[in-house]
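None of these values were measured; they are calculated from a predicted model. Below, read A as the first sequence line, B as the second, and so on, with proteins coming before strands; counting in each chain starts at 1.
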Amino acid sequence: MTIDFQQIERKWQHRWEKARIFEADADINRKKFFCHFTYPYVNAYPHLGHFYTLMRPEVFARFRRLQGFNVLFPQAWHATGSPIITAAQRVKEKEEKQLKILKDMGITDQEQLKKFENPEYWIEYFIPEFTKDFKAIGISTDWRRSYFTTELNQWYDKFIRWQFNKLKEKNYVIKGKFPVVWCTKCRNPVSDHSRSEGEGETPQEFTLLKFPLADHANKRIILVAATLRPETLFGITNLWINPKTTYIQAKVNDEHWIISKECLDKLKFQDKSIEIEKEIKTAELLGKYVSIPKSNAKVLILPGEFCNPSIGSGIVMSVPSHAPHDWLGLVEIKNDKAIAEKYHLNFAAINLITPISLISMEGYSEHPAKDACEKRKIKSTKQLELLEEAKKDLYKAEFFAGIMKENTGIYKGRKVEEAKEQIKKELLQSNQSNVFYELTGRVICRCLTQSIIKIVDDQWFIDYGNKEWKEIAKKALAKIRLYPELSRPQFEYTIDWLKAWACSREEGLGTKLPWDQKWLIESLSDSTIYLAFYPIAHYIQKINPEKINDLVFDYIMLDKGKQPDIEHIAEMKDEFQYWYPFDFNSSGKDLIQNHLTFALFNHTAIFPEKYWPNGYGLNGWVTVDGKKMSKSLGNFILMRDLPTKYSADASRFTIMNGGENMDDPNWDNQFASSFKTKLEQLYTFCTENYNKGSDEWRNIDQWFESRLNESIKKVTYFMEETLFRTASQKMFFELNKALRWYLKRTNNKPNKKLLSHFIESQLIMLSPFTPFICEEIWETIGKKDFIAKASWPLYDEDKINKQLDIEEQLIETVLNDTTAVMDLVKITPKSMKLFVADSWKYDLCIALRTEYNKTKNPGIIIKNIMIREEFKKHGEDVMKIMQKTLKSGIMNILHNDDEEYNTLCNAKQYIEAELKLSIEILLEKDSEDKKSQQALPGKPSIIIK
RNA sequence: GCGGAGAUUCCAGAGCGGUCAAAUGGAAACGCCUCAAGAGCGUUUGGCUUAGUGCCUUCGCAGGUUCGAUUCCUGCUCUCCGCACCA
């Protein structure tokens with residue numbers, strides 16, 4: 001039987017839509033359930049990653065509907081921020097890479113490509129594409145409530161403005177300074193994905209240490225050295241400047257600094273007033289003395305060609321003992337008199353310089369920098385790469401393992417890790433240093449301009465660092481249900497660690513800050529309470545946006561103020577109060593550290609406690625056949641390809657069978673292919689066997705009924721926990737296995753009522769996973785309404801009987817053993833004897849169990865048992881059984897003799913039937929004169945004659 | 001480095017102190033059934049086996065607790081996710 005899945009899919013999509021069965025309205029007489037898939041960013045087609053995260057609320061929604069809940073499952077689209085706008089810009093610039101991305105999506109028409117130069121077209125194009133793909137795969141969404149989120153959606157725009165006004169009222173939006181990676185051409189921060197080079201490079205905080213020139217006649221002139229290690233200032237022996245560069249003297253905030261030109265250019269963006277005074281030739285500086293901050297000791301300025309004017313200030317403080325560069329620099333200059341002569345330096349004075357060690361660390365000598373050079377066999381300051389490595393290693397080691405030595409005054413004995421912060425603070429306070437931000441590496445913007453660090457000084461922040469707010473957010477976290485719970489520590493950590501978040505942008509798509517129109521609201525800040533928009537989305541978007549203001553949202557969502565005079569206002573309030581908060585918002589685990597935690601904060605700031613979130617669903621990242629999904633590996637799967645290749649149902653089941661919890665789910669191509677045929681078999685079996693069978697009621701029917709009830713119970717539990725993988729396995733594979741055994745045991749004459757009940761139950765349980773085929777079968781077996789509207793099967797606790805399972809297991813093992821023995825003897829026996837153990841053996845087992853629970857000590861157990869009269873007479877056998885049971889575990893002895901015997905009688909008939917033999921099977925109790933005295937409890941032995 | 005999650009047999013993945021050579025599913029092999037393929041059914045997929053209700057070696061590595069550890073503890077190694085102004 002081959003089934004035309006695509007035809008079935010179209011048919012039911014159409015019917016669902018026509019009957020509008022997924023459209024949900026507030027109904028105070030019904031329990032509500034609001035679930036959601038975090039709105040996706042619409043700049044490409046949806047792929048497997050979307051599919052998995054989407055399927056979790058989808059299955060959950062369908063499950064809750066079956067349970068009788070009124071389910072709201074809406075879907076909106078996200079487009080704020082910079083990706084779309086930069087992509088559009090790149091299309092305009094005809095950038096190869098960007099054009100290829102569109103071409104790979106099948107967009108080749110020149111006319112159409114031109115349209116993609118407009119950011120709005122991206123939204124216009126991709127939203128329908130997403131919608132189409134979601135519908136094709138059978139997502140049960142209430143599409144009336146969709147919206148998208150840019151300033152182009154005026155209603156949503158009003159909503160976001162309201163949100164920010166509320167945050168501002170509570171002083172959660174603050175103004176401040178912030179270092180950002182900045183492109184001077186685009187006049188925008190340069191995010192990781194808008195870089196053509198330098199992904200992952202970040203601003204790094206340097207300390208600018210001030211070294212006043214000693215004995216300077218007129219005014220205080222300061223040489224400024226940039227360092228990451230201010231704590232090493234106790235070990236400074238000299239300064240390095242690059243003799244091949246010219247430095248600049250400039251007035252910086254009322255001081256006269258000498259630094260490299262490159263540094264000066266950067267400083268301009270870092271909140272400093274700068275006036276260039278003059279160029280300084282290095283000859284003017286070399287051989288002079290400067291004084292060290294704190295100690296005021298005087299040290300020489302020496303030439304070091306390794307000083308890079310583009311890094312830091314181009315002036316380096318030399319700490320030979322703890323910096324490999326400085327160590328080698330000092331060695332070189334001491335060994336080469338020519339250098340001193342060349343720059344007219346006092347060679348004797350240079351030779352007096354001795355490294356000062358100030359940090360002690362296990363496994364290193366007095367001068368760790370020397371060790372580091374020797375370890376890597378570095379001989380010269382020209383070996384830049386090796387030196388860089390050595391430096392990094394040593395810095396790391398000293399930072400975490402180093403202890404400040406005696407010569408560091410009050411820092412003596414402290415860890416470097418702590419001392420560093422302390423020293424930094426002190427130097428800043430006494431104006432002996434400044435903060436300077438430098439990139440950790442070269443960053444090139446997509447526009448091919450080299451990026452710098454800029455201190456933005458009128459930047460708006462959402463103050464997630466606010467301590468009281470953190471406490472309230474924690475309260476919201478305590479209340480929320482997490483699927484799975486094990487994500488909770490990550491949330492706790494994030495709340496603690498979160499600092500003020502820059503929420504304003506100069507460019508991009510989005511809503512303008514209501515009180516400062518030059519700024520746009522950044523896209524992770526405008527996407528925190530957006531789920532509150534769904535309950536009213538379909539009404540509000542019918543209203544003239546001019547009429548929407550803060551008072552409208554105050555009234556609907558906060559129950560504040562007089563009822564505004566606009567259409568649908570009562571409905572909107574009812575809808576909101578009925579549906580909110582959401583019960584399950586599904587997203588990838590990567591959103592914990594921003595979006596989801598932000599959402600918690602924002603809910604507590606804006607809404608009363610009853611509207612704080614009820615549930616988050618977290619999941620991992622999809623892999624394909626065990627490998628990371630990526631375009632370069634060629635295993636990148638788009639949602640749109642699934643229905644044609646595997647059918648929507650098989651795809652849905654495959655992805656849900658791929659994983660659960662926060663593990664990365666795996667998409668198994670082979671499984672997807674083979675599952676399609678399994679669905680065909682399901683169809684055939686159900687349609688051919690529904691309402692057929694016998695009216696007899698036998699032990700085996702009781703067993704099957706028990707298994708069915710047990711399965712329903714388990715599956716219900718796993719569905720509640722969103723452990724959809726386990727649930728799907730239990731309802732499909734495990735139940736089918738039971739069904740096969742049942743059919744075998746009844747010679748394909750199942751009980752009619754029971755089998756029909758089974759088919760119905762299984763179909764309903766499967767329908768959240770494979771809705772199309774289930775609808776089709778449901779209709780074929782004569783059901784009138786949609787299976788989507790059926791009732792989730794209930795289980796009857798009284799019908800679950802574990803004993804029946806044990807009996808069936810026994811029958812199965814006897815059967816298997818019998819077959820095995822018959823195979824061995826290779827004759828057709830006339831009769832067969834099955835021996836079950838004597839009663840005393842069972843008694844022994846029970847006694848063993850009791851004794852074990854008392855002492856758990858084998859020696860004592862054996863002693864206690866052997867002194868009992870009833871076991872004495874079986875002396876040796878008792879020992880044997882005891883040894884065996886103690887070795888293999890004694891937990892399995894539960895049966896009592898008679899039950900065992902009865903079950904075997906039951907098995908006997910079955911064995912006869914199954915083996916299609918007319919043989920005589922005798923059941924006997926274990927007896928002395930038979931060779932069968934080995935028979936152990938729980939396992940009959942067989943003798944064939 | 002910090003925070004979080006992990007490491008199981010060909011693969012995915014159960015396992016929560018004895019019923020474990022380890023569920024379930026994929027895949028593969030063989031057999032039955034068939035003209036044939038698929039489906040279905042059965043067997044097999046750590047090693048040894050005198051074939052036994054047998055023995056040995058396995059659950060990242062190394063120790064420990066226990067009569068007993070895949071399961072508990074300690075240390076180590078490795079993998080994945082996050083560490084921000086970006087969706």
Side-chain angles (χ1 to χ4, degrees), chain A residues 1-2 38 40-41 43 78-84 178-181 189-194 202-203 396 399-400 417 456 459 461-462 464 484 486-494 496-505 522-525 527 588-595 620-621 623 625-626 628 654 657-675 677-678 680-681 684 725-726 728-730 732-734 737 740 744 809 817 819 823-824 852 855-861 884-894 934-936 938-941:
Chain A
M1 167 99 207
T2 17
T38 305
Y41 196 80
N43 63 344
H78 191 206
T80 64
S82 54
I84 285 181
F178 200 74
V180 291
V181 182
V190 187
S191 62
D192 252 359
H193 57 245
S194 53
T202 53
K396 209 185 228 178
F399 183 74
F400 292 106
E417 206 176 338
V456 181
Q459 170 76 39
F461 292 87
I462 300 182
Y464 296 124
L486 58 98
S487 62
R488 193 172 291 278
Q490 192 80 302
F491 276 101
E492 282 164 356
Y493 180 78
T494 307
D496 279 335
W497 157 91
L498 222 48
K499 292 174 208 140
W501 177 271
C503 65
S504 54
R505 280 301 104 81
E522 171 272 338
S523 65
L524 277 174
S525 302
S527 58
K589 60 184 171 183
D590 52 319
L591 293 191
I592 295 174
Q593 24 283 316
N594 45 51
H595 170 222
W621 289 106
T623 56
D625 294 332
K628 213 173 214 171
T654 304
N657 191 56
E660 60 198 5
N661 269 331
M662 289 211 287
D663 301 335
D664 291 343
N666 182 49
W667 170 269
D668 187 335
N669 275 311
Q670 276 172 334
F671 182 93
S673 307
S674 66
F675 198 75
T677 58
K678 293 226 188 303
E680 285 169 355
Q681 286 159 26
T684 313
R725 180 195 141 86
T726 312
S728 67
Q729 288 201 340
K730 295 239 178 289
F732 193 77
F733 297 114
E734 260 178 48
K737 214 184 156 197
R740 282 201 295 273
K744 202 168 161 185
Q809 257 171 41
D817 285 354
T819 321
D823 277 355
L824 270 178
Y852 170 80
T855 69
K856 309 211 178 215
N857 181 329
I860 299 173
I861 294 172
K884 192 161 234 109
T885 29
L886 282 171
K887 191 174 167 193
S888 67
I890 62 172
M891 293 312 191
N892 57 339
I893 302 112
L894 281 166
Q934 288 171 319
L936 280 172
K939 197 146 192 189
S941 70

When syn is taken as a glycosidic angle within 90 degrees of 0, is B:G40 syn or anti?
-> anti
Output yes when at least one side-chain N/O atom of A:K737 is less than 4.0 Å from OP1 or OP2 of B:U24, else no.
-> yes
Apply side-chain contact (heavy atoms from CB on, under 4.5 Å) to A:E660 and list each qualifying residue two or more places apart in sequence or on a separate chain.
-> A:L723, A:R725, A:T726
A:W501 side chain reached by A:L524 side chain, heavy atoms, under 4.5 Å = yes
Polar atoms only, N or O, under 3.5 Å: list the protein pairs with nucleotides 37-39 of chain B and their distances.
unit_1: B:A39; atom_1: O3'; unit_2: A:Q681; atom_2: NE2; d: 2.7

Taking OP1 and OP2 of B:A87, is either one under 4.0 Å from a side-chain nitrogen or oxygen of A:S82?
-> yes
Separation of the C1' atoms in B:C11 and B:G4, to the nearest angstrom | 27 Å
Got a list of protein N/O to nucleotides 10-13 of chain B N/O distances below 3.5 Å?
unit_1: B:G13; atom_1: O2'; unit_2: A:R725; atom_2: NH2; d: 2.9

Non-neighbouring partners of A:Y493 that pass side-chain contact (heavy atoms from CB on, under 4.5 Å), sequence neighbours left out | A:W497
Please state the C1' separation for the pair B:C78 and B:G60 - nearest whole angstrom.
-> 8 Å
Which one, B:G26, B:A84, B:A87, comes nearest to the side chain of A:W501?
-> B:A84
Of the listed B:C85, B:G4, B:G26, the closest approach to the A:Q490 side chain comes from B:G4
Could you pull out all residues at least two apart from A:S504 that satisfy side-chain contact (heavy atoms from CB on, under 4.5 Å)?
-> A:Q459, A:W460, A:L513, A:W519
Considering only side-chain heavy atoms of A:Y493, which listed nucleotide, B:G3, B:G25, B:A87, is closest?
-> B:G3
side-chain hydrogen bond (donor to acceptor under 3.5 Å, both in side chains) with A:T494: which residues, sequence neighbours excluded?
-> none
